[in-house]
Structures are given as C-alpha cells and as structure tokens.
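Labels below follow one simple rule: chain letters A, B, ... track the order of the sequence lines, proteins then strands, and each chain is numbered from 1. These numbers come from the heavy atoms of this one structure, side chains and all, not from hydrogens, waters or symmetry mates.
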2 protein chains.
Amino acid sequence: MNISEVSKRTGLPAKTIRYYEEIGLVSPARSGNGYRSFRDSDLHKLAFLGRARALGFSIEDCRNLMTLYEDRGRASSDVKAIASEHLVAIDAKLAELRQMRNTLADLVSSCAGDDRPDCPILADLAAKSDG
Amino acid sequence: MNISEVSKRTGLPAKTIRYYEEIGLVSPARSGNGYRSFRDSDLHKLAFLGRARALGFSIEDCRNLMTLYEDRGRASSDVKAIASEHLVAIDAKLAELRQMRNTLADLVSSCAGDDRPDCPILADLAAKSDG
DNA sequence: CCTTGACCCTCCAGTTACTGGAACCCTTAT
DNA sequence: ATAAGGGTTCCAGTAACTGGAGGGTCAAGG
C-alpha cells in the first residue's frame, strides 16, 4: 500500500506519516522503486497513533502507549497512569482556558466596538494594579 | 531600571523581556555599560504585554493591540474585533478539550488499572471503525 | 518514443514563544 | 586578587508538524 492510500484510510497527512517514520513510530518496508510499502500492521499502528493524538496525547505518550499495546504482558495500570496524568493536564488546561474565556468575554461585551477610541479592553490591559 | 527589577515588577522572566526586545515589542535605552535601561513607559508596555499574553493573545495580536493602545485615534471596534476573534478561537479550543476530556475520562474510569493486561483504553485506541 | 499528470522521494526551512546554556563583561565587597 | 551577583550576546533546542524546492517513477495517450 502506498502512502496516499494510507493517508486516505487513516486520515493522517502523508507528511505526518513520513514524519512518524522519521521519529521511529512506524517502519514501513520499501519497494524496489524506493516507495514506502505499508503493511496492514503499519496501517493499524498509524490509526492507533491518529486516535491517540486526537485524544491529545503527546508523541512521547503515544510512543509509550504503543509499546504497552504491543506488550502482551503489560499491566493495565501502566496504561491508566499515562491516561490519568494526561487527564489531569487537560483539566488544568481547561480551567485556565475557562478563566481566560470568562475574563475575555466580559471585556468584549463591555466594549462598544464603534469608531470611538474609548475601550475597556485596552483599559484593562493597561491597568496598573499597584494603584 | 535594570532588567531584573523590570522582571520582578512585571512578573516576566528576564529572558522573555530580552526576547520581546528582539522581536521589537519594546526598545529600552542602554546605559554606558551596555545594560538595558528601562523607562517607566517600557515597564508599562511590558506589563500590558504580560496581561495580554495571560489572556492568551498571540504575540502578533499583542503587537496589534499595543499599536491600537498607542493610537489615540483608534476605533474601539478594531480592538473588539481582535478580542472577539480570539474569544471564538478559545471557545473552539474549549469545545475540543471538553470533548477530549469526556472521552478520556470515560476510558480512564473503565480501566481496572491493575496488573492484568486487559485495557479498554488500548482497546479503544486500537479499534477499527470499519468493522 | 515522448509527453503529461499524478504519484513518490529527500532535504531544508519555518512555525510559536520562549528557555537553557555557554562564554564573557561590569560592579562591589572582602 | 577574587568571588558573588548582576549584566551581555549568541546558539541550540523545544513540539509536532507543514511548506516548498528539486527531482525520480509510473501509467496512459498520441
């Protein structure tokens, strides 16, 4: 299977697939002309990676998850540990974003948005808290 | 005022302040010994930048906001446009993160997390949807 | 046989917003 | 003289790709 077919089936850009090979996440065979020749197992791996990435796992997390996936003697606690840590990070990010969103939404709604210069958004950004 | 004092007052790392100078966001004077010599206006600008960055605005947004801030003839609509666009982006990011969080939380809670290999997390990542 | 178009390849540079570190200068106190 | 604690520049690295140049390969059509 050539790269464009794999790209179509996994939803990953060909560039990304080449990149994943470069960093050792997959190792497709090569045919005589130098083209990458993907086996079903490669396709599988790439699909796995795509889903893990879609859940926000870092490449290193993905690498570790993949290793666990291929280790029949793994402990599910190792998988859960990675996922739980990621969940904590997501929650932190969410809290931060929500905070930003609230502040920003307040500012936006308080700004007239007309052709005059007065602007609570700029006023807030310029505010010195030290009185 | 030397850089460490500015760093202390703005909460920005000295490295970051130097970086902001490098990309033209501030232009502190120099004293005879080559040290950066920050005026109050520089401090002001840096504090402004720090707050804008804390709201998640990109450096380019910050640059534009700063320009508007210094333009007495600005229209508040221009400021509002930048902020609104950013708000939309934040909302999109929030939606994406929430989705990830929900899926991930489900997976985490369904995993025993013991020393056995069976793991719904890996099962989900490996799932082929094409039946 | 030649060309055209759709593939594929490698390699290099750029993205975002810093951060770490090396190597070195300035100032003040001991 | 030296040591501590500032400051300086410049280079490299981070995360995960993405874009583009320059160039082979392959199948079909004339």
Side-chain angles (χ1 to χ4, degrees), chain A residues 1-38 42 45-46 48-66 82 85-86 89-90 92-93 96-97 100, chain B residues 1-38 42 45-46 48-66 82 85-86 89-90 92-93 96-97 100:
Chain A
M1 205 182 322
N2 279 352
I3 200 167
S4 65
E5 178 70 16
V6 176
S7 171
K8 210 177 305 169
R9 293 212 210 171
T10 60
L12 297 170
K15 275 274 187 189
T16 298
I17 297 172
R18 292 198 192 95
Y19 173 67
Y20 286 174
E21 179 186 14
E22 190 185 323
I23 62 175
L25 288 178
V26 280
S27 301
R30 297 290 178 134
S31 27
N33 55 13
Y35 288 15
R36 287 170 184 80
S37 179
F38 296 84
D42 297 318
K45 274 193 181 189
L46 287 166
F48 182 101
L49 289 168
R51 277 184 288 262
R53 291 287 298 130
L55 283 179
F57 286 105
S58 71
I59 289 285
E60 276 324 293
D61 277 351
C62 289
R63 198 189 297 278
N64 292 328
L65 287 171
M66 188 85 103
I82 294 174
E85 225 176 293
H86 182 41
I90 287 180
K93 191 79 190 169
E96 190 195 346
L97 271 184
M100 275 171 31
Chain B
M1 204 181 325
N2 279 353
I3 199 164
S4 65
E5 178 69 17
V6 176
S7 171
K8 209 177 308 168
R9 293 213 210 172
T10 60
L12 296 170
K15 275 276 188 189
T16 298
I17 297 173
R18 292 197 193 95
Y19 172 68
Y20 285 175
E21 179 186 13
E22 190 187 324
I23 63 175
L25 287 177
V26 280
S27 300
R30 297 290 178 133
S31 27
N33 55 12
Y35 288 14
R36 286 170 184 79
S37 178
F38 295 84
D42 295 319
K45 274 192 181 191
L46 287 166
F48 182 102
L49 289 168
R51 278 184 289 263
R53 291 288 298 131
L55 284 179
F57 285 105
S58 72
I59 289 285
E60 276 324 294
D61 277 351
C62 289
R63 197 189 296 278
N64 293 326
L65 287 170
M66 188 87 104
I82 293 174
E85 224 174 294
H86 182 41
I90 288 180
K93 190 81 191 164
E96 190 195 346
L97 272 183
M100 278 171 30

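Taking CD1 from B/I90 and CE from A/M100, the interatomic distance works out to 3.5 Å, rounded to the nearest 0.5 Å. Taken from CD1 in B/I59 to CD1 in B/I23, the straight-line distance is 4.5 Å, to the nearest 0.5 Å.
Protein atom CZ of B/R63 is 10 Å distant from nucleotide atom P of C/dA17, rounded to whole Å. Between the CG atom of A/N2 and the P atom of D/dG24 there is a distance of 19 Å, rounded to whole Å. The interatomic distance linking B/L49 (CG) with C/dC18 (P) rounds to 10 Å, in whole Å. Rounded to whole Å, the distance from CD on A/E60 to P on D/dG13 is 17 Å. Rounding to whole angstrom units, CZ of residue B/F57 and P of C/dT16 are separated by 17 Å. Put simply, CD1 on B/I59 is 9 Å from C1' on C/dC18, counting in whole angstrom units. Between A/R53 atom CZ and D/dA15 atom C1' there is a gap of 8 Å when expressed in whole angstrom units. When rounded to the nearest whole Å, the span between CG of B/D61 and P of C/dT16 equals 11 Å.
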Could you list all N or O pairs between the protein and nucleotides 1-3 of chain D that sit under 3.5 Å apart?
none

Distances under 3.5 Å between protein N/O atoms and the N/O atoms of nucleotides 19-21 of chain D, please, pair by pair.
residue	atom	partner	partner atom	Å
D/dG19	N7	A/K15	NZ	3.1
D/dG19	O6	A/K15	NZ	2.9
D/dG20	O6	A/K15	NZ	2.2

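Side-chain atoms of A/F57 and A/I82, non-hydrogen and from C-beta on, do get closer than 4.5 Å to each other. When side chains are defined from C-beta on, A/E5 counts as touching A/R9, because their heavy atoms get closer than 4.5 Å. Residues A/Y20 and A/R53 have side chains in contact (heavy-atom distance under 4.5 Å, counting atoms from C-beta outward).
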query = So B/Y19 and B/L25, side-chain contact (heavy atoms from CB on, under 4.5 Å) or not? Walk me through it.
reply = CA-CA 9 Å; B/Y19 172 68; B/L25 287 177; over 6 Å; no
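Take B/R36 and apply the salt bridge (Lys or Arg N to Asp or Glu O under 4.0 Å) test, not counting sequence neighbours, and it matches B/E21. With sequence neighbours excluded, the residues forming a salt bridge (Lys or Arg N to Asp or Glu O under 4.0 Å) with A/R63 are A/E60, listed by chain and number. Taking B/A89 as the reference, nothing meets the side chain to side chain contact (heavy atoms under 4.5 Å, CB included) condition, with sequence neighbours excluded. B/D42 is linked by a side chain to side chain donor-acceptor pair (under 3.5 Å) to B/R39, counting only residues two or more places apart in sequence or in another chain. Remark: B/S27 pairs with no residue by the side chain to side chain donor-acceptor pair (under 3.5 Å) rule, at least two apart or across chains. Take A/N2 and apply the side chain to side chain donor-acceptor pair (under 3.5 Å) test, not counting sequence neighbours, and it matches no residue. For B/S7, the side chain to side chain contact (heavy atoms under 4.5 Å, CB included) partners are B/I17, not counting sequence neighbours. B/D61 meets the salt bridge (Lys or Arg N to Asp or Glu O under 4.0 Å) test with no other residue; sequence neighbours excluded.
A sub-4.0 Å separation between OP1 or OP2 of D/dT18 and a side-chain N or O of A/T16 is present. Side-chain N/O atoms of B/R36 include none lying less than 4.0 angstrom from OP1 or OP2 on D/dG7. In this model, the phosphate group of D/dA15 is not approached by any side-chain N or O of A/S58 to a distance below 4.0 Å at OP1 or OP2. Between A/N33 and the phosphate of D/dC26, there is a side-chain N or O to OP1/OP2 separation shorter than 4.0 Å. Contact check, A/R18 against C/dC8: no side-chain N or O comes under 4.0 Å of OP1 or OP2.
Near DNA chain D, meaning a heavy atom under 4.0 Å from it, residues 19-31 of chain B has B/R30 in order of number.
Within the helix from C/dC1-D/dG30 to C/dT30-D/dA1, the inter-axis angle between the opening and closing five-pair segments is 40°, rounded to 10°.
The side chain of A/I3 approaches C/dC9 more closely than any other nucleotide in the set C/dC18, C/dC9, D/dT8.
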